Amino acid sequence: MQGETGKRSAWVVAVDGPAGAGKSTVARLVASRLGLLYLDTGAMYRALALKALATGTDVADALRLVELLQEADIHVGEDPNRQLRVWLDGQDVTDAIRRPEVHATVAQVASVPGVRAGMVDRQRALAELGGVVMDGRDIGTYVLPNAPFKFFLTASLEARAARRHRELAARGFSVDPGVLRQEIVARDRMDSTRAVAPLQCAPDAQVIDTTELSVSQVVDQILAVVRGR
Ligand code: DC
């Protein structure tokens, strides 16, 4: 895929922020508007968490999780209809990685340093291929610190919990809003306090509070910055 200017390597856009800030929706649209690859790095951690659950692996066993990643064939891409899909060991796990039990365990899986090292290698290798919009927690600070465009999306806890609730409801899961809020707070804490590459705003990232903004307003803000440079 060719970016608008044709200089693919210059088109690296990092989008970070906490759960429910709107990163994946926005990043996917930005990538599509610019004709770039989109990589949802959270989906990669989710796929590994799913593999751990499916194999009965103890998620407290860091060494086993690293081995599991080495054995895992994780692929994030698009199907012929340009719908985002995630494959684990050849199986389409796009829906399965959004299940509540994956939600509840993924932050612990993502806190293992060896798991992060393996994931970051894979993410950097994909970015080497050319223009990419990558979203996650540590893209601007750690995975791609030289990315020319960095955005940090935030939103109030209420707005983020409400978005998660809608997302899960659309998938047929009914989760108590109070429980969801607590889960988001717990995941924020784990993501922000882990020893390796915690969730942080890069000093050179542009912060966008999405609480009161529509998806298209956020996308337009990002495109204005990227196209304006
Ligand atoms: O964005 P998400 O909810 O799909 O992310 C799933 C989990 O993976 C979340 O707990 C944070 C973690 N994650 C991470 O640590 N680093 C990333 N680059 C992406 C996600």
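Atoms within each ligand, like the ligands themselves, are counted from 1 in listed order. Just so it is clear, the structure is predicted and the values come from calculations on it, not from any experiment.
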Can you report which non-hydrogen protein atom sits closest to atom 18 (N) of ligand 1, along with the distance?
D138 OD1, 2.8 Å
For A107, the atoms of ligand 1 under 4.0 Å from one of its heavy atoms are 10 (O)
Report the nearest protein non-hydrogen atom to atom 16 (N) of ligand 1: residue, atom name, distance rounded to 0.1 Å.
R116 NH2, 3.0 Å
Given the options Q221, R160, R163, T210 meets side chain to side chain donor-acceptor pair (under 3.5 Å) only with R163
Criterion salt bridge (charged side-chain N to carboxylate O under 4.0 Å, His left out) against D40, the qualifying member of R98, R85, R28
R98
Note: R46, heavy atoms under 4.0 Å from ligand 1, region reported as side chain
D89 bridged to K51 by N-O distance under 4.0 Å:
yes
Where the closest heavy atom to atom 19 (C) of ligand 1 is concerned, which of L48, I139, D16, T41 has it?
T41
Can an N or O of D191 be found at a distance shorter than 3.5 Å from an N or O of ligand 1?
yes
Would you kindly check if the NZ (Lys) or CZ (Arg) of R164 is within the cone defined by 45 degrees around the ring axis of F173 and under 6.0 Å from the six-membered ring centre?
no
For atom 12 (C) of ligand 1, what's the nearest protein heavy-atom neighbour? Residue, atom name and distance, please.
A110 CB, 3.8 Å
If you draw a 6.0 Å radius around CD in E67, do more than 12 non-hydrogen atoms from other residues or ligands fall strictly inside?
yes
Count the heavy atoms of every other residue, nucleotide or ligand shown that sit under 6.0 Å from CD of E71, and state whether that count exceeds 12.
yes
Identity and separation of the nearest protein heavy atom to atom 20 (C) of ligand 1
G42 CA, 3.5 Å
Which of the listed options, R137, M190, Q108, holds the heavy atom that is closest to atom 5 (O) of ligand 1?
R137
Closest to atom 10 (O) of ligand 1 among protein heavy atoms sits R187 NH1, 3.0 Å
Of the backbone atoms (N, CA, C, O) and the side-chain heavy atoms from C-beta on, which set of R194 has a member under 4.0 Å from an atom of ligand 1: side chain, backbone, both, or neither?
side chain
For V13, which of L223, V133, I139, L144 qualifies under side-chain contact (heavy atoms from CB on, under 4.5 Å)?
V133
Following the transitive rule for hydrophobic clusters with a side-chain heavy-atom cut-off under 4.5 Å over Ile, Leu, Val, Met, Phe, Trp and Tyr, establish whether Y45 and V66 coincide in one cluster.
yes
Taking only non-hydrogen atoms of G136 and a 4.0 Å limit, the atoms of ligand 1 in range are 17 (C), 18 (N), 19 (C)
Select one of side chain, backbone, both or neither to describe which atoms of R164 lie under 4.0 Å from any atom of ligand 1, heavy atoms only.
side chain
Distance-minimising heavy-atom pair for F149 and V226
CE2-CA, 3.7 Å
Closest protein heavy atom to atom 8 (O) of ligand 1, given as residue, atom name and distance to 0.1 Å
Y45 CB, 3.7 Å
